[in-house]
Number of protein chains: 2
Amino acid sequence: MTDTKTALLDSAERAARTRGIDGFSFADLSLEVGIRKPSIHYHFATKGTLTLALVQRYRIQMDVACVDIDSANPTGGARIAALVAVYRQALNGGTSLCLCVALSASRESLPAEVITQIGLYRQTMITWLVDAFAAGQSDGSITDLRAPQDEAPATLSLLEGAQLSARAAEDVAIFDAATRLLLARVS
Amino acid sequence: MTDTKTALLDSAERAARTRGIDGFSFADLSLEVGIRKPSIHYHFATKGTLTLALVQRYRIQMDVACVDIDSANPTGGARIAALVAVYRQALNGGTSLCLCVALSASRESLPAEVITQIGLYRQTMITWLVDAFAAGQSDGSITDLRAPQDEAPATLSLLEGAQLSARAAEDVAIFDAATRLLLARVS
DNA sequence: GTCTATATGTGGATAGAC
DNA sequence: GTCTATCCACATATAGAC
């Protein structure tokens, strides 16, 4: 049985990822969680605070996911493929985005701290990707490999762009088409 | 001297691309264009109508841009490089997105017709990209070339994702880092 | 075509009781 | 911690005069 704060975060994350940060209100959370609108302010003073908590929790979750990928996949190529699967999973059949993409979109309605956190998230992912590509360089599990520090940001942008366009059309096939080439290199 | 309708579209496009479709109101347009809020409804019945006009005009502009690229650049590689430049230009120094990316983000607040238009836009771009990559296949202006029908969607997603992350950090260097590998293949 | 005046809804947020 | 009641700002949109 989850506590109210966690339930609010869960509801807010689902809402933000499917409808955007401007696409949900405290009234929506109130309905889903089952407490009155003003009670939300007891847990999160402002919507900005709530969003900050959201992105901080998300960063931790993704750090864990990356560690899990590393321990489950010995080769660099397999790690990249696993990350593609994570981003594909976040699409939820074409109905949602990962939190980072969802928030980046509505940048103007975010507190500065949230924007900072988004930048930190991307930096973490790029560092992880550089390591994964470097591993692929050593173990030969990735074909046509260029400099890992160039492959990494290109791959992150590819995944985010693929997610965005697939979500727009509500069609996972668009994500698959966009990532086909990358997956062919690592499998 | 532009007419009021065009001025409204210009103002709305700038606003949508920098702050998102939920990030501007008729009050903002009213201030910029210099007519009262309700007068906007004379030109566009609803905000949805305005958005539809926006994306239709955008599609035409991009069609023209693609034709211009083709006539100015003989090789497939040069055409891809020119499209990258168009997407980089749309970033406006890290302060705005292309309309397609900006609208895709706030999908839930869009009329169905607008979503259809966004899908058509992406289809047009992918068709153009397939042709450009195919041209590169013939003229040898692109290295490490795989199937054009796989390269095309990957490239569009890369450009959109690169734009999104660069805009989030308000830093064009992030766009450049993400597109470095692609540009190295075509230059 | 543009105006004033207004309707109507909804947003986030606060005060204070329990 | 959660409630009721309420505030205030702002959103899109309409009615009707000029």
Side-chain angles (χ1 to χ4, degrees), chain A residues 1-57 99 102-103 105-115, chain B residues 1-55 57 102-103 105-115:
Chain A
M1 176 165 168
T2 62
D3 60 312
T4 307
K5 195 161 187 169
T6 305
L8 284 169
L9 283 172
D10 290 345
S11 178
E13 178 173 334
R14 204 167 26 244
R17 288 177 46 189
T18 57
R19 308 195 295 274
I21 202 74
D22 295 324
F24 78 95
S25 71
F26 278 25
D28 299 323
L29 305 185
S30 169
L31 276 172
E32 269 208 18
V33 174
I35 63 172
R36 292 300 190 157
K37 233 187 351 163
S39 306
I40 301 173
H41 290 278
Y42 170 79
H43 301 283
F44 303 100
T46 68
K47 196 177 183 181
T49 313
L50 169 61
T51 311
L52 184 58
L54 223 50
V55 66
Q56 283 170 335
R57 186 177 75 156
L99 192 62
L103 293 183
S106 30
R107 187 189 188 281
E108 287 293 302
S109 23
L110 301 176
E113 303 90 354
V114 173
I115 295 174
Chain B
M1 177 161 165
T2 62
D3 61 311
T4 306
K5 196 161 186 167
T6 306
L8 283 169
L9 284 172
D10 291 345
S11 179
E13 180 174 333
R14 204 166 26 242
R17 288 176 47 189
T18 56
R19 308 195 294 274
I21 202 74
D22 296 323
F24 78 95
S25 70
F26 279 24
D28 299 322
L29 305 185
S30 168
L31 276 172
E32 269 208 18
V33 174
I35 63 172
R36 292 299 191 160
K37 241 189 339 173
S39 306
I40 301 173
H41 291 278
Y42 171 80
H43 301 282
F44 302 100
T46 67
K47 195 177 183 179
T49 314
L50 169 61
T51 311
L52 184 59
L54 223 49
V55 67
R57 188 178 74 155
L103 292 183
S106 31
R107 187 188 188 280
E108 287 294 301
S109 23
L110 300 176
E113 304 91 352
V114 173
I115 294 173

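Each chain gets a letter, A, B and so on, in the order its sequence line appears, and its residues count up from 1. The figures here come from the full heavy-atom set of this structure, side chains too, leaving out hydrogens, waters and symmetry mates.
Among all heavy-atom pairs drawn from B:T46 and B:T49, the shortest one is OG1-OG1, 2.9 Å. Nearest heavy-atom pair, B:G48 versus B:V114, reported as atom, atom and distance to 0.1 Å: O-CG2, 4.3 Å. For B:G23 against B:D28, the heavy-atom pair with the smallest separation is O-OD2, 4.2 Å.
Atom CG in B:L8 sits about 12 Å away from atom P in C:dG1, given to the nearest Å. The CG atom of B:L110 sits 14 Å away from the P atom of D:dT12 (whole-angstrom rounding). The separation between A:K47 atom NZ and C:dG11 atom P is 9 Å, rounded to whole Å. Rounded to whole angstrom, the span from the CZ atom of A:F26 across to the P atom of C:dG9 amounts to 23 Å.
Every side-chain contact (heavy atoms from CB on, under 4.5 Å) that A:T4 has, sequence neighbours left out, goes to A:L8, A:V33, A:I35, A:H43.
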Full working for salt bridge (Lys or Arg N to Asp or Glu O under 4.0 Å) between A:D22 and A:K47
CA-CA 10 Å; A:D22 295 324; A:K47 196 177 183 181; 5.1 Å; no
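Taking the side chain as every heavy atom from C-beta outward, A:I115 and A:R107 approach each other to under 4.5 Å.
Between B:T46 and D:dT12, a side-chain N or O to OP1/OP2 separation shorter than 4.0 Å is absent. For the OP1/OP2 pair of C:dG11 and a distance below 4.0 Å, the side-chain nitrogens and oxygens of A:S25 include at least one atom meeting the criterion. A sub-4.0 Å separation between OP1 or OP2 of D:dG1 and a side-chain N or O of A:T4 is absent.
Looking at residues 28-44 of chain A, you'll see A:K37, A:P38, A:H41 sit with a heavy atom under 4.0 Å from some atom of DNA chain C.
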